[in-house]
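Heavy-atom basis, side chains included; hydrogens, waters and symmetry copies ignored.
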Amino acid sequence: MPRIKHPLEQKLIVVKRYLAGESSTLLEHEYGIDHHDIVMYVNRYSRYGEEGLKPRVSKVTPLKVKIQAAREYLEHCLSLPELADKYSVDRGTVRHWAKMYERSDLEALRDKRKDPRPPQNMYKSKDETANAAIKELREKVKDLEAENALLKKVKALVKKREAQLRGTGPKPSKN
């Protein structure tokens with residue numbers, strides 16, 4: 001579902017009414033602005049003033065930052081709204097980064113505008129033995145990346161299973 005852009009004047013009115021004590025649910029129904037967005041607007045207004053409510057210019061976020069935000073979200077260090085505010089992105093963006101990180105799909109997190117992969121033929125050599133070695137190394141890297149992704153998934157499953165066992169406690173004996 002595409003995000004609805006609300007005019008600055010409308011955001012200001014909603015924020016001021018919320019700060020005056022009106023509930024976010026009432027304002028949500030009246031203005032059609034999600035209550036999570038209202039709280040986000042209030043936080044940005046409190047922190048940055050009217051500037052915090054203006055549309056932000058899209059920026060390229062480095063891969064390391066995306067991974068850090070995804071880890072913080074998945075490990076429940078910070079909530080989605082807190083991370084969105086911390087990294088100046090939408091909640092949906094942080095959620096997307098976390099999904100891609102969880103799937104071990106770091107390629108999807110890579111920003112193609114700033115961090116493009118070199119073309120495959122860039123490393124072509126006229127020497128056939130060098131080409132064979134490069135091809136072999138590429139295959140090895142691909143296998144290792146797949147193995148790494150599998151190990152991450154197994155680790156997540158083990159962690160989930162351990163949490164389930166801790167939550168249910170020991171089973172009664174059958175004697």
- Query: Looking only at heavy atoms, what is the nearest atom pair of Gly52 and Arg44, with distance?
  - Reply: O-CD, 3.3 Å

- Query: Step by step, would you call Arg166 with Glu162 a side chain to side chain contact (heavy atoms under 4.5 Å, CB included)?
  - Reply: CA-CA 6 Å; Arg166 277 194 306 265; Glu162 286 174 350; 4.0 Å; yes

- Note on the structure: When rounded to the nearest 0.5 Å, the distance separating CG of Leu165 from NZ of Lys160 is 12.5 Å

- Task: First locate atom CG of Asp90, then atom CG of Asp37, and finally report the distance between them rounded to the nearest 0.5 Å.
- Result: 8.0 Å

- Query: Would a distance-only check, ignoring hydrogens and angles, find a side-chain to backbone donor-acceptor pair under 3.5 Å from Thr93 to Val89?
  - Reply: no

- Item | Nearest heavy atoms of Arg91 and Ala84, plus distance in Å | N-CB, 3.8 Å

- Query: Who passes side-chain contact (heavy atoms from CB on, under 4.5 Å) against Arg47, sequence neighbours left out?
  - Reply: Asp85

- Query: Do Leu26 and Val14 share a hydrophobic cluster, counting only Ile, Leu, Val, Met, Phe, Trp and Tyr and linking them when any side-chain heavy atoms are less than 4.5 Å apart?
  - Reply: no

- Task: Please answer: with hydrophobic residues joined when any side-chain heavy atoms are less than 4.5 Å apart, are Leu8 and Ile33 in the same cluster?
- Result: yes

- Query: Under 3.5 Å, is there a donor-acceptor pair linking the side chains of Ser79 and Glu82?
  - Reply: yes

- Excluding sequence neighbours, so at least two apart, what forms side-chain contact (heavy atoms from CB on, under 4.5 Å) with Gln68? Glu72, Lys86, Tyr87

- Heavy-atom pair with the smallest gap, counting every atom of Ala70 and Ala98: CB-CA, 3.7 Å

- Item | Atom NZ of Lys152: over 12 foreign heavy atoms under 6.0 Å | yes

- With side chain to side chain contact (heavy atoms under 4.5 Å, CB included) as the test, would you mind laying out the steps for Tyr101 and Lys66 before giving the verdict? CA-CA 9 Å; Tyr101 179 77; Lys66 292 177 183 179; over 6 Å; no

- Message: Apply side chain to side chain contact (heavy atoms under 4.5 Å, CB included) to residues Tyr18 and Val39 and explain how you reach the verdict.
- Response: CA-CA 9 Å; Tyr18 180 86; Val39 173; 4.3 Å; yes

- Message: Using the rule that Ile, Leu, Val, Met, Phe, Trp and Tyr join whenever any side-chain heavy atoms are under 4.5 Å apart, tell me whether Leu137 and Ile134 fall into a single cluster.
- Response: no

- Do NZ/NE/NH1/NH2 and the carboxylate oxygens of Glu145 and Lys142 come within less than 4.0 Å? no

- Task: For the pair Asp34 (side chain) and His36 (backbone), establish whether a donor and an acceptor sit closer than 3.5 Å, ignoring hydrogens and angles.
- Result: yes

- Closest non-hydrogen atom pair, Gln10 against Tyr31: NE2-CD2, 3.3 Å

- Minimal heavy-atom distance between Leu80 and Arg95, with the atoms involved, is CD2-NH2, 3.1 Å

- same_hphob_cluster(Tyr48, Leu19) at 4.5 Å side-chain heavy-atom cutoff: no

- Task: Report yes or no: do Ile13 and Tyr45 belong to one cluster of Ile/Leu/Val/Met/Phe/Trp/Tyr joined by side chain heavy-atom distances under 4.5 Å?
- Result: yes

- Note on the structure: Taking every heavy atom of Tyr73 against every heavy atom of Val94, the minimum-distance pair comes out as CB-CG1, 4.3 Å

- Pairs involving residues 9-25, ordered by first then second residue, that meet salt bridge (charged side-chain N to carboxylate O under 4.0 Å, His left out) (sequence neighbours left out): Arg17-Glu22, Arg17-Glu30

- Determine whether Glu51 and Lys54 make a side-chain contact, defined as any pair of heavy atoms from C-beta on separated by less than 4.5 Å. yes

- Query: Taking atom CG of Leu74 and atom CD1 of Ile67, what is their separation to the nearest 0.5 Å?
  - Reply: 11.5 Å

- Item | Criterion side chain to side chain contact (heavy atoms under 4.5 Å, CB included) on Leu150 and Glu147, from CA distance to verdict | CA-CA 5 Å; Leu150 179 65; Glu147 183 181 342; 5.6 Å; no

